[in-house]
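What follows is one structure encoded as structure tokens, with my remarks underneath.
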Protein chains: 2
Amino acid sequence: MGLAKTEMFTEGQNKISLFAKVFGHPARVAILQHLFKMNACVCGDLVNEIGLAQPTISQHLKELKSLGLIKGNVEGTSVCYCIDKKNWTAMKTIMMEFLDQDVSQDMDCC
Amino acid sequence: MGLAKTEMFTEGQNKISLFAKVFGHPARVAILQHLFKMNACVCGDLVNEIGLAQPTISQHLKELKSLGLIKGNVEGTSVCYCIDKKNWTAMKTIMMEFLDQDVSQDMDCC
DNA sequence: ATTATTAATCGTAATATTGCAATGTAACAA
DNA sequence: TTGTTACATTGCAATATTACGATTAATAAT
């Protein structure tokens with residue numbers, strides 16, 4: 001199947017899994033880290049920085065953009081990408097809440 | 001291809017993406033949330049709680065276990081699962097560091 | 001011993017993801 | 001105009017993921 005049955009889960013669970021899924025590939029992690037590191041915007045340097053072919057990088061960028069985590073700005077022939085800080089922060093809140101569930105109980109079965 | 005070229009990324013990037021990937025399915029998010037909520041251990045209630053077939057849940061549990069995020073304990077005919085708190089905390093540290101990159105700069109291209 | 005219960009594993013169908021060559025498109029340069 | 005540069009899109013091959021029926025394995029109950 002390869003098809004997740006999203007209708008049987010809460011909106012929150014689906015949201016978390018969608019964000020997580022986009023981080024589920026090292027190239028996208030690398031792209032995001034590079035955008036953060038460069039602070040300002042970066043463009044096709046990503047193709048050089050990361051070792052994948054241009055269409056591949058373009059596809060990963062598209063996925064990050066469609067989730068709203070990055071923005072792209074056309075500048076002449078090149079396109080400048082950067083983190084969408086507002087959306088990143090919103091995502092961060094959701095993910096942190098999931099990750100930060102209380103672990104301090106000492107009940108433990110195993 | 002469907003095959004990530006992990007050799008071209010750092011260990012850290014691959015680690016983040018592996019953790020993220022396991023959260024990239026709502027069923028696994030739901031399983032983890034339920035394990036947290038129940039605090040103590042839960043077993044095949046997960047099959048009832050979540051609406052998927054038993055082999056499907058079993059498969060998701062296996063993935064969570066292989067990453068070390070949960071532990072399973074045989075109790076008679078049933079198996080009791082719980083969060084592996086130590087490993088969860090370690091994972092949390094890695095993921096939070098990734099999510100919490102500095103976003104406060106006002107440099108912005110777009 | 002036989003049967004029931006619980007969960008893991010196997011096998012397989014349906015679908016998704018990854019990666020890239022080839023091609024398309026848009027802006028700039030000469 | 002003719003290239004050139006920088007990206008996006010298309011199409012496709014290879015592989016991965018998801019889901020579940022059927023089966024198996026292990027323990028418990030009778």
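All chains are named by letter (A, B, ...) in the order of the sequence lines, taking the proteins before the strands, and each is independently numbered beginning at 1.
Across the protein-nucleic acid pair, Leu18(A) atom CG and dT17(D) atom P stand 17 Å apart, rounded to whole Å. In this entry the distance linking CG of Leu64(A) with P of dT18(C) reads 11 Å, nearest Å. Asn73(B) has its CG atom 17 Å from the P atom of dA26(D), to the nearest Å. With rounding to whole Å, Lys65(B) atom NZ is found 7 Å from dA8(C) atom P. Separating the CG atom of Leu46(B) from the P atom of dA19(D) is a distance of 15 Å, rounded to the nearest angstrom. When the P atom of dT18(C) is taken as reference, atom CZ of Phe9(B) falls 11 Å away, rounded to whole Å. Atom-to-atom, CZ of Phe23(A) to C1' of dT17(C) comes out at 18 Å; the value is rounded to the nearest Å. Per the geometry, NZ belonging to Lys21(A) stands 10 Å off C1' belonging to dT18(D), to the nearest Å.
Residues Gln13(B) and Thr10(B) bring a donor and an acceptor atom of their side chains to less than 3.5 Å of each other.
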For nucleotides 11-13 of chain C, which of its nitrogen or oxygen atoms have a protein nitrogen or oxygen under 3.5 Å away, and what is each distance?
unit_1	atom_1	unit_2	atom_2	d
dA13(C)	N1	Met1(A)	N	3.2
dA13(C)	N3	Met1(A)	N	3.2

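With Thr93(B) contributing its side chain and Thr89(B) its backbone, the two residues share a donor-acceptor pair below 3.5 Å. Formation of a donor-acceptor pair under 3.5 Å by the Asn87(B) side chain with backbone atoms of Gly68(B) is found in this model. Between the side chain of Trp88(B) and the backbone N or O of Gln101(A), no donor-acceptor pair lies under 3.5 Å.
Taking every heavy atom of both residues into account, Gly24(A) and Ala20(B) meet most closely at N-CB, 3.8 Å. Between Asn14(B) and Phe9(B), the shortest heavy-atom contact is ND2-O, 3.6 Å. Considering every non-hydrogen atom in both Leu67(A) and Leu18(A), the closest pair reads CD1-O, 3.7 Å.
Ranked by how close their nearest DNA chain C nucleotide is to the 5' end, Thr56(A) and Ser58(B) are led by Ser58(B). For the pair Glu63(B) and Leu61(A), both in contact range of DNA chain D, the more 5′-proximal nearest nucleotide belongs to Leu61(A).
Distances were taken from every side-chain heavy atom of His25(A) (C-beta onward) to each of dA6(D), dT6(C), dG19(C); the shortest belongs to dG19(C).
In this model, the phosphate group of dA8(D) is approached by a side-chain N or O of Tyr81(A) to a distance below 4.0 Å at OP1 or OP2. Phosphate proximity of dA19(D) to His60(B): present, with a side-chain N or O under 4.0 Å from OP1 or OP2.
Separation of the Phe98(A) and Phe23(B) ring centroids falls under the 6.0 Å cut-off.
No more than 12 heavy-atom neighbours from other residues, nucleotides or ligands sit within 6.0 angstrom of CD on Glu11(A).
Within 4.0 Å (heavy atoms only), Leu52(A) reaches sugar-phosphate atoms of the nucleic acid but no base atom.
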Protein-to-nucleotide contact annotation, 5' to 3' order, nucleotides 22-30 of chain C [B base; S sugar-phosphate only; - none; under 4.0 Å, heavy atom]: B----BS--
